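For clarity, every value in this text was computed on a predicted model and none was experimentally measured. Numbered from 1 within each chain, the chains take letters A, B, ... in sequence-line order.
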2 protein chains.
Amino acid sequence: MQEFCILNKPDARFYMSQELDRIDAALLNAVQRNNRLTSDELAELVNLSPTACHRRLKRLRAEGVIEADVSIVSPKAVGRQVTVIVLVSLERERADIIDRFKTAIRNTREVMIGYYVTGDADFILVVTAKDMEGYEEFTRRFFYENHDIKGFKTMVVMDRVKASFVLPIDV
Amino acid sequence: MQEFCILNKPDARFYMSQELDRIDAALLNAVQRNNRLTSDELAELVNLSPTACHRRLKRLRAEGVIEADVSIVSPKAVGRQVTVIVLVSLERERADIIDRFKTAIRNTREVMIGYYVTGDADFILVVTAKDMEGYEEFTRRFFYENHDIKGFKTMVVMDRVKASFVLPIDV
DNA sequence: GTTCAGGATGCAAAATTCTTGCATAGGGGC
DNA sequence: GCCCCTATGCAAGAATTTTGCATCCTGAAC
């Protein structure tokens, strides 16, 4: 475990210093699937009092282990019929260009997910649109008018087989 | 609008038949960012009573517009230091092979997101692992031992620039 | 235009859940 | 062994959710 800390970036150590025990793990596992469970329900799950559960979750939120609490909205239900994956390549891998594109990702509502990656592309985006026309309009605005971008490839999502942020939590 | 419904799958019509108004949209926009807001807070946001807000959210959950309520856990905080994007190509695009792989995606904890797509690959996966060794072990188990898979490409995520399921909701 | 039915709303009360204060127990360090 | 710190449970108070009821508004039918 100590060796593990040495091999990783210093900021990773921040997280590992807050030890999660089995009860934290069970709570996280529960709320990452359903965060509307009451403290009573969680208490039964982990064999603590409701108060202790509440306090642990409070701590986990304060420490940033729980980053957010959100409702997941159905894209189709709000008219976003089209989800696409876009592989983006930049003209040059310069820090200012990369940072500029990161900012563009964060400021663009249609981009739901954006990862900066190694490999075949520089960035991977998950973009939603009303329809393919909407997506085309988006590409014009977001890609063609941005001279930092060398190219991009689109893959249309036909089935959201599994769409969640649920992580395996082992302690 | 009627033409739009004809051009889409029948099940899409289910959603469009439940009209969202501006207040629904504002509520959805608020809870998709923070679903721990109280009815009082939401009421101020949309100028209804707390009870009306509560009832609308109850309706939106019952109708499946809100698909889930979850806590987002920090991958690094729970020891998942590595996130990778994997493009997967299958040997053949036969329905039984595709369905088999979809099931595998759903049954595999390391796979956080899995989309069935057109284009350069058949599936795109977002996979988390403890470290690169963990990912390698996963590839052996999940890809090399699966004869349905022709190949896969890995891209390592260096920065989660934007990781959410927040959608633009326009009414 | 009128009427009626259904749905949405707000208010108030009841029920439930969350939050806080206090006492206690357990574990670790010296 | 002692002391300190942290986590826990219980009980009470505060906050929030849920429910029942009355009212209003809108749309459809005549």
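Whole-Å rounding puts the B:E44 CD to D:dT16 P distance at 11 Å. Atom CG in A:L57 sits roughly 15 Å away from atom C1' in D:dT8 (whole-Å rounding). The interatomic distance linking A:D21 (CG) with C:dG27 (P) rounds to 14 Å, in whole Å. We find that CG of B:L42 is positioned 15 Å from C1' of D:dA15, with the value rounded to whole Å. When the C1' atom of C:dA8 is taken as reference, atom CD of B:E63 falls 14 Å away, rounded to whole Å. Taking atom CG of residue A:D40 and atom C1' of nucleotide D:dT16, one finds them 15 Å apart after rounding to whole Å. Nucleotide C:dA8 holds its P atom 8 Å from the CZ atom of B:R56, rounded to whole Å. Rounding to whole angstrom units, CG of residue B:L48 and P of D:dC25 are separated by 15 Å.
Between B:E145 and B:R141, none of the side-chain N atoms (NZ, or NE/NH1/NH2) sits under 4.0 Å from a carboxylate O, so this pair counts as no salt bridge. A:D131 and A:R80 are not joined by a salt bridge, as no carboxylate oxygen comes within less than 4.0 angstrom of a charged side-chain nitrogen.
In this structure, B:T38 reaches the sugar-phosphate backbone alone: every heavy-atom distance under 4.0 Å involves primed, P, OP1 or OP2 atoms, never a base.
Take the nearest nucleotide of DNA chain C for B:N47 and for A:T51: the residue whose nucleotide is more 5' is B:N47.
Phosphate proximity of C:dC18 to B:R36: absent, as no side-chain N or O sits under 4.0 Å from OP1 or OP2. Phosphate contact (OP1/OP2 of C:dT20, side-chain N/O of A:K58, threshold under 4.0 Å): present. Residue A:S39 has a polar side-chain atom (N or O) positioned under 4.0 Å from OP1 or OP2 of C:dC18.
Residue B:R55 places a side-chain atom within donor-acceptor reach of the base of C:dG10, judged by atom type and a 3.5 Å distance cut-off alone.
In terms of modelled atom types and a separation under 3.5 Å, the side chain of A:T118 and the main chain of B:V156 share a donor-acceptor contact. Looking at B:T108, its side chain never comes within 3.5 Å of a backbone N or O of B:E110 through a donor-acceptor pair.
Aromatic ring orientation, B:F152 versus B:Y144: perpendicular (interplanar angle above 60°, classes split at 30° and 60°).
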